[in-house]
Amino acid sequence: MSKTISLVDLKAQYSTIQNEMNEAIQKVLNDAAFIQGEYVKKFEAEFASFCGQKRDGAASELYCASCANGTDAIFLAMKAIGIKSGDEVLVPSHTFIGSAEGVTLAGAKPIFVEIEEKTYLIDPSKIEEKITPKTKAIIAVHLYGQPCQMDLIRVVAEKYQLFVVEDAAQAHGAYWKNERTGALADIATFSFFPGKNLGAYGDAGALVSRNKELIDRARLFANHGRVEKYEHLFEGINSRLDSLQAAILSVKLKYLDSWTEKRNQIASQYINLLQNENLILPFVQPNAISAWHLFVCRSEKRDEIIKAMKREGISCGVHYPIPLHMQPAYRHFGYKPEDFPITKKISSEIISLPLFPELETSAVLRIADVLRATLRKGVAYFTC
Ligand SMILES: *Cc1c(COP(=O)(O)O)cnc(C)c1O
């Protein structure tokens with residue numbers, strides 16, 4: 001029996017940084033520093049500087065406020081830009097529900113926008129038709145690691161005076177032209193859920209922006225609207241980053257660029273191995289450098305492929321099988337499946353192949369073999 005291959009392998013990652021990580025965790029325990037404090041400040045500064053790195057070597061000055069998770073980050077971004085009850089916020093129809101939950105939590109209504117068939121990202125040409133006098137913001141979700149077409153989105157946003165929020169939960173360190181996610185709009189949100197490209201050992205999240213005022217407002221809201229220990233400017237929530245998670249993220253951040261490079265190499269291997277098959281491979285826009293959170297292909301034989309992979313001990317994923325407009329949670333909006341035909345079609349055809357920095361070339365070859373054999377309707381066999 002050949003080795004099983006998981007979609008992500010967090011144990012493999014831990015084993016590469018075990019000593020350094022254990023020391024960092026021990027230090028926090030020795031200091032008994034648990035909520036916010038110096039570890040959190042340090043990570044916020046490091047992450048702001050990471051997001052501010054330009055491709056040409058220059059740097060943008062960015063600010064970062066950490067919080068408890070990526071969904072809270074979206075909610076906090078809504079509060080920071082002043083979203084209120086009755087407002088509408090545009091969200092792609094194809095994303096994780098967290099992208100929309102933060103909007104509803106802020107009292108506003110998420111309005112879905114169709115995606116592009118090629119990139120699976122929000123279609124800039126379909127934004128304008130969804131804008132009403134109530135529209136206040138657009139959430140650009142950099143899905144699977146690839147940044148949205150920010151120039152086109154900005155043009156629409158400027159015309160209608162809308163805020164643009166990046167949901168960069170899957171795209172830490174990805175570039176659009178010369179700049180990284182976090183520097184591409186009014187404010188950006190990140191998740192450090194363990195399986196994300198930069199993952200904590202529990203839930204964690206952050207907001208990043210060039211605008212210090214927006215970040216200060218989000219930070220205040222995430223900590224009870226507190227200015228002094230017992231002085232509160234307004235009611236907020238409790239959505240803070242643990243010191244332990246901050247220390248863990250500081251260790252991992254040092255490796256993130258090399259991990260992203262590995263993801264990139266594995267994606268290239270997949271593309272080389274599968275380019276002549278009857279399979280739609282990921283399309284990366286010329287202006288983008290993807291963070292390759294997921295390697296998502298498309299095939300009408302999707303379910304057959306998943307079964308064949310499973311038989312061989314290979315785990316694949318579907319991100320996401322039910323589009324937002326077809327979710328029971330949004331039944332009350334009254335959408336029909338065919339309201340977003342591209343989203344509906346691709347959600348039945350997409351498959352995410354295993355992709356993580358520690359994935360070995362032999363595993364990539366085996367995955368490609370099984371996939372090829374299934375597409376050719378043949379029987380997969382190998383000697384391992
Ligand atoms: C993971 C994710 C979120 C939510 O982040 P959590 O930390 O899990 O709350 C939001 N949007 C997208 C696109 C995500 O992938």
Side-chain angles (χ1 to χ4, degrees), residues 7-8 10 43 47 64-79 89-106 110 112-113 115 119-122 137-148 150 153 164-174 181-182 184-185 187-208 218 222 237-242 245-246 248-249 252 260 263 282 290-296 317-325 327 329-330 343 346-347 350 352 355-356:
L7 192 59
V8 286
L10 298 176
F43 172 69
F47 193 64
C64 171
S66 56
C67 63
N69 57 68
T71 306
D72 277 5
I74 294 164
F75 168 64
L76 292 164
M78 295 297 114
K79 297 311 275 187
V89 176
L90 306 184
V91 178
S93 47
H94 178 66
T95 179
F96 178 64
I97 193 169
S99 306
E101 282 173 321
V103 173
T104 311
L105 275 171
F112 302 133
V113 179
I115 54 162
T119 60
Y120 315 130
L121 303 171
I122 192 167
I138 304 165
I139 300 187
V141 182
H142 306 315
L143 203 69
Y144 306 151
Q146 173 163 222
C148 300
M150 297 311 289
I153 293 172
V164 181
V165 177
E166 300 174 67
D167 178 349
Q170 302 189 2
H172 319 71
T181 58
L184 303 174
I187 192 163
T189 66
F190 290 86
S191 165
F192 307 119
F193 177 80
K196 301 286 157 95
N197 286 24
L198 178 62
Y201 291 163
D203 278 312
L207 298 104
V208 172
I237 58 169
N238 176 356
S239 178
R240 299 175 302 216
L241 184 66
D242 295 344
Q245 301 302 349
I248 288 161
L249 289 166
K252 286 200 182 185
T260 305
R263 288 175 181 274
S290 178
W292 288 108
H293 176 56
L294 293 168
F295 190 91
V296 176
V318 175
H319 301 89
Y320 299 89
I322 308 174
L324 289 191
H325 75 286
Q327 287 288 353
Y330 298 122
T343 299
I346 70 119
S347 65
I350 45 177
S352 311
L355 175 61
F356 50 90

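In listed order, ligands and their atoms are each counted from 1. All of these numbers come straight from a predicted model, not from anything done at the bench. For this chain, numbers begin at 1 and follow the sequence in order.
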**Q** Does any N or O atom in Ser191 lie less than 3.5 angstrom from one in ligand 1, N or O only?
**A** yes

**Q** For the atom pair CZ (Phe190) and CD (Glu166), what is the distance rounded to the nearest 0.5 Å?
**A** 6.5 Å

**Q** Can you pull out the closest protein heavy atom to atom 15 (O) of ligand 1? Residue, atom name and distance to 0.1 Å, please.
**A**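 Ranking protein heavy atoms by distance from atom 15 (O) of ligand 1, first comes Gln170 NE2, 2.8 Å.
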
**Q** For Thr95, take its heavy atoms, then give the atoms of ligand 1 lying under 4.0 Å from any of them.
**A** 13 (C)

**Q** Just to check, does His293 reach to within less than 4.0 Å of ligand 1 when the distance is taken from its heavy atoms?
**A** no

**Q** Hey, is Ser99 one of the residues with a heavy atom under 4.0 angstrom from ligand 1?
**A**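 Judged by the 4.0 Å heavy-atom criterion, Ser99 does count as contacting ligand 1.
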
**Q** Can you give me the closest heavy-atom contact between Val91 and Val103, atom names plus distance?
**A** CG2-CG2, 4.2 Å

**Q** Quick one: side-chain contact (heavy atoms from CB on, under 4.5 Å) partners of Lys196, sequence neighbours excluded?
**A**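 Testing Lys196 for side-chain contact (heavy atoms from CB on, under 4.5 Å), a comparison that skips the adjacent residues, returns Ala169, His172, Ser191, Phe193, His293.
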
**Q** Can you name the closest pair of heavy atoms from Ala185 and Met150 and give their distance?
**A** CB-CE, 4.0 Å

**Q** If the cut-off is 4.0 Å to any non-hydrogen atom of Asn69, which atoms of ligand 1 fall inside it?
**A**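 Heavy-atom distances to Asn69 below 4.0 Å select 7 (O), 9 (O).
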
**Q** Do Met78 and Val165 come close enough that some side-chain heavy atom pair is under 4.5 Å?
**A**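 Contact flag for Met78/Val165 side chains = yes.
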
**Q** For atom 3 (C) of ligand 1, which of the options Phe96, Phe75, Phe192 provides the nearest non-hydrogen atom?
**A** Phe96

**Q** Considering only heavy atoms from C-beta outward, does the side chain of Phe192 approach that of Ser66 to under 4.5 Å?
**A** no

**Q** For atom 2 (C) of ligand 1, grab the closest protein heavy atom and report residue, atom and distance to one decimal in Å.
**A**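 Answer for atom 2 (C) of ligand 1: Lys196 NZ, 2.6 Å.
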
**Q** Looking only at non-hydrogen atoms, find the nearest pair between Ala204 and Ala200 and report the distance.
**A** CB-CB, 3.9 Å

**Q** So do Phe112 and Thr343 actually touch side chain to side chain, heavy atoms under 4.5 Å?
**A** no

**Q** Quick one: which of Pro194, Ala171, Ala169, Ala206 has a heavy atom closest to atom 12 (C) of ligand 1?
**A**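 The option holding the nearest heavy atom is Ala169.
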
**Q** State the atoms of ligand 1, each with its element, that fall below the 4.0 Å cut-off from a heavy-atom position in Val141.
**A** 13 (C)

**Q** Would you mind running through ligand 1 and noting each atom that sits below 4.0 Å from a heavy atom of Thr71?
**A**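 Here the atoms of ligand 1 in question are 4 (C), 5 (O), 6 (P), 9 (O).
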
**Q** Which option out of Asp167, Leu294, Thr189 puts a heavy atom nearest to atom 11 (N) of ligand 1?
**A**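 Comparing heavy atoms across Asp167, Leu294, Thr189, the nearest one to atom 11 (N) of ligand 1 lies in Asp167.
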
